[in-house]
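Notes follow the structure.
In what follows, every chain begins at residue 1, and chains take the letters A, B, ... in the order their sequences are listed. In this text, all values refer to a predicted model and were calculated from it rather than measured experimentally.
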Protein chains: 4
Amino acid sequence: MNVHSFFIVALLYNSAKMKSNLKSNSKRESLVKATIQLVNNNGFHATPMSKIAKMAGVSPGTIYLYFENKQDLVNQVYIEVKRSFTRFAFKDYKESTSVEGDFEKIWKNIAEFKLKEVEEALFLSQCDNTPMIDEPSRKEGLKHLSPLLELWKRGQKEGLIKQVSPYLLYAFSIYPISFLLQQHERFDIKPENINEAYEMAWNSIKI
Amino acid sequence: MNVHSFFIVALLYNSAKMKSNLKSNSKRESLVKATIQLVNNNGFHATPMSKIAKMAGVSPGTIYLYFENKQDLVNQVYIEVKRSFTRFAFKDYKESTSVEGDFEKIWKNIAEFKLKEVEEALFLSQCDNTPMIDEPSRKEGLKHLSPLLELWKRGQKEGLIKQVSPYLLYAFSIYPISFLLQQHERFDIKPENINEAYEMAWNSIKI
Amino acid sequence: MNVHSFFIVALLYNSAKMKSNLKSNSKRESLVKATIQLVNNNGFHATPMSKIAKMAGVSPGTIYLYFENKQDLVNQVYIEVKRSFTRFAFKDYKESTSVEGDFEKIWKNIAEFKLKEVEEALFLSQCDNTPMIDEPSRKEGLKHLSPLLELWKRGQKEGLIKQVSPYLLYAFSIYPISFLLQQHERFDIKPENINEAYEMAWNSIKI
Amino acid sequence: MNVHSFFIVALLYNSAKMKSNLKSNSKRESLVKATIQLVNNNGFHATPMSKIAKMAGVSPGTIYLYFENKQDLVNQVYIEVKRSFTRFAFKDYKESTSVEGDFEKIWKNIAEFKLKEVEEALFLSQCDNTPMIDEPSRKEGLKHLSPLLELWKRGQKEGLIKQVSPYLLYAFSIYPISFLLQQHERFDIKPENINEAYEMAWNSIKI
DNA sequence: GATGAATGAGTTTTCATTCAT
DNA sequence: GATGAATGAAAACTCATTCAT
């Protein structure tokens, strides 16, 4: 066997192995989506595994091929959504000379995510206000926020941002977006509201 | 048993009954308290009626003398806590000439409530971020907030407060307190933080 | 109230209390009986709780008022049956001057139990040959056998019984009865067989 | 890939396949061994097919290439172990002039098997005390014992062995060994115990 | 009013078995 | 032959609610 054909054989072998190891990725995805939707509508404990399975078009037993149990399912979904959220928030972020410019970019990303990916954002909001996620997963979800914290520190050094705890900065500039999201059925957010809201966020934290 | 002693027995029986009648209000109260605590720790659907009864020192069947069913129980508790919350927020409120002075008073009342009545505040936070309360009770809980809305309108007329939706005003000046409350185990709020926070709240809504 | 009527009232109160504390003893008994029968026929793990409930004429949920879980149920049944077995074995036992006489009495009691209470004896046999009972309950079941061990020690001191481990004495004089019991559908034991068997038991352990 | 290298690949594929063919007997063996161990530790119904497969280093689906279903698997294992047991019991047996000598040889073979092949013997003991084996397989397992029954008949004719049912002879001379086996974790059997035990067995059946 | 034993529908999870690859 | 993902029926157990006392 020459090098070339060996390469092909190895390739075939690998592709076969990967396929079987991954099980069916689409099933896992359906399960994740179904979980988000149903938990949003009914809450974690009012969502039976059987319903999740049905909505995902899968047998109840199949869930347990991808997740250890119900708690593990919701933990994994939480971490995944949180990751996709922070990825979006910092998607094009590169430290520039303007702290305010950087903050505006990140803030508007976060707002865009919460307003476009309503389902995912609602899910996060429920997870974060409820004892349904266990502590380790909660911590895992938090650690992706560091770029924002760094930015704030920089702003404080430069005398642009208030010398207060990051908890306060977060509470008044980021957390309010969640409220608007929750009210999206009562209060329809238009583009001009985004700018109004951004102004309010920046006013609350700037010196 | 002769007639005489029968009479006494009947008397005892009655006094026992009356005793329990007198107790009954305290039973309802114990049930409300137990519900708040248990829902805070485990979530609504992970809190069995039997546990609520046990913590309240009452038989499971007794719950149904005071509440129609589990949903009714949690709805009533929600409305009650919400009422006690708004009562506290506006406790000494009388419209004065200073919009900012009035706002500061209300804001600090709200903050005081959330930091002192942690259990009740956490309960409200979970109710408001979860599909556990039905729509009518939610609306019932909202309508007590009108004095604040009136104050904002006045501030807007006087050109002191931004011309934006009350949803935005609420999101950036009141809602952040909930976040600080939730983090109270991680972030210990001191008196100076209250003033920092109030400044941020006012900065975000003032013109 | 005179002393007499007070007494009656106290009596009434007590009887009410006892009744409610004991739950329904007859339900527990039915459950125990159903467990023995079904485990005998199908084995422990092939016996669903639902079948036990049905045979006991009780709702599945009711089992959990009397037993913590399936393992606890079978443990409790085991201990109870074992106790009733040893009680029968030593029912009229009083140490006499004759070691052999004493042994014969006990041995025949055991044989009588195993041949009359076939269900219970079969159940014990399955428990003792299977990993279905947990270690603590197994030990609990064992400790009632001591009078027999004492008797053997006495017999050994008097030079009547072989100087071997009680495990051996048990294996050859008592354990064989279990085999006869198991074969009772194939081998019908008659009164003369009992005496034959007793002779064999005694011959194996006597010096 | 050129023709040459394709040929090699095909060859490799085939050799892989043949390799697995050769293995197949060993797969069956692994399955049998895994079944014995797991059933000993957990009982039949508490042993999932998937665990048996895992311990045997085989896919769950593979079991069904060798056995029809779970019941068939355990039946076949039972018959095989029983056969290996009786083969050992009578391995060097040739009818001699001495009934007692013949019995001693067989008895000690049986004892040796039970004490050396603890796993297999425990498995048999569980099968024989549990409704896990179906009736046909049970009978199949029994029929290998005939040489011992013949020996007893001869002994009875020669006036050496009690004139009682073979069930009784078996119960008092052979069955006790199973008990000693079961207790092997509590009672450590030493060579001198073997002789003591044999004496007891013979005393119980001899005239 | 108050109790708490009893219920049974509903929940999570397991596992023997199948079948496309 | 061999695999292992997928199935779905059935298991253990929970819990809101009722009702006789």
Close approaches to DNA chain F from residues 35-63 of chain C, in residue order (heavy atom, under 4.0 Å):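 Result for residues 35-63 of chain C: C/T47, C/P48, C/M49, C/G61, sorted by number.
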Please determine if a side-chain N or O atom of [X] lies less than 4.0 Å away from the OP1 or OP2 oxygen of [N].
X: D/Y66; N: F/dA2; value: yes
X: D/K27; N: F/dA2; value: yes
X: C/K70; N: F/dC13; value: no

Grab the [atom1]-[atom2] distance between [X] and [N] for me, whole Å please.
X: B/Q71; N: F/dT17; atom1: CD; atom2: C1'; value: 15 Å
X: C/L31; N: E/dA5; atom1: CG; atom2: P; value: 15 Å
X: C/F67; N: E/dA5; atom1: CZ; atom2: P; value: 15 Å
X: B/L73; N: F/dA16; atom1: CG; atom2: P; value: 10 Å

Runs of at least three consecutive pairs that involve DNA chain F, where pairs are Watson-Crick or G-U with distances under 3.5 Å: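 For DNA chain F the paired stretches long enough to count as stems (3 pairs minimum) are E:2-21 with F:2-21.
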[X] side-chain N/O to [Y] backbone N/O, donor-acceptor pair under 3.5 Å:
X: D/N40; Y: D/F123; result: yes
X: C/R28; Y: C/Y66; result: no
X: B/Q71; Y: B/M132; result: yes
X: A/K82; Y: A/E140; result: no

Heavy-atom neighbours of D/E68 CD exceed 12 at 6.0 Å: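 Counting neighbours around CD of D/E68, 12 or fewer heavy atoms of other residues, nucleotides or ligands fall under 6.0 Å, so no.
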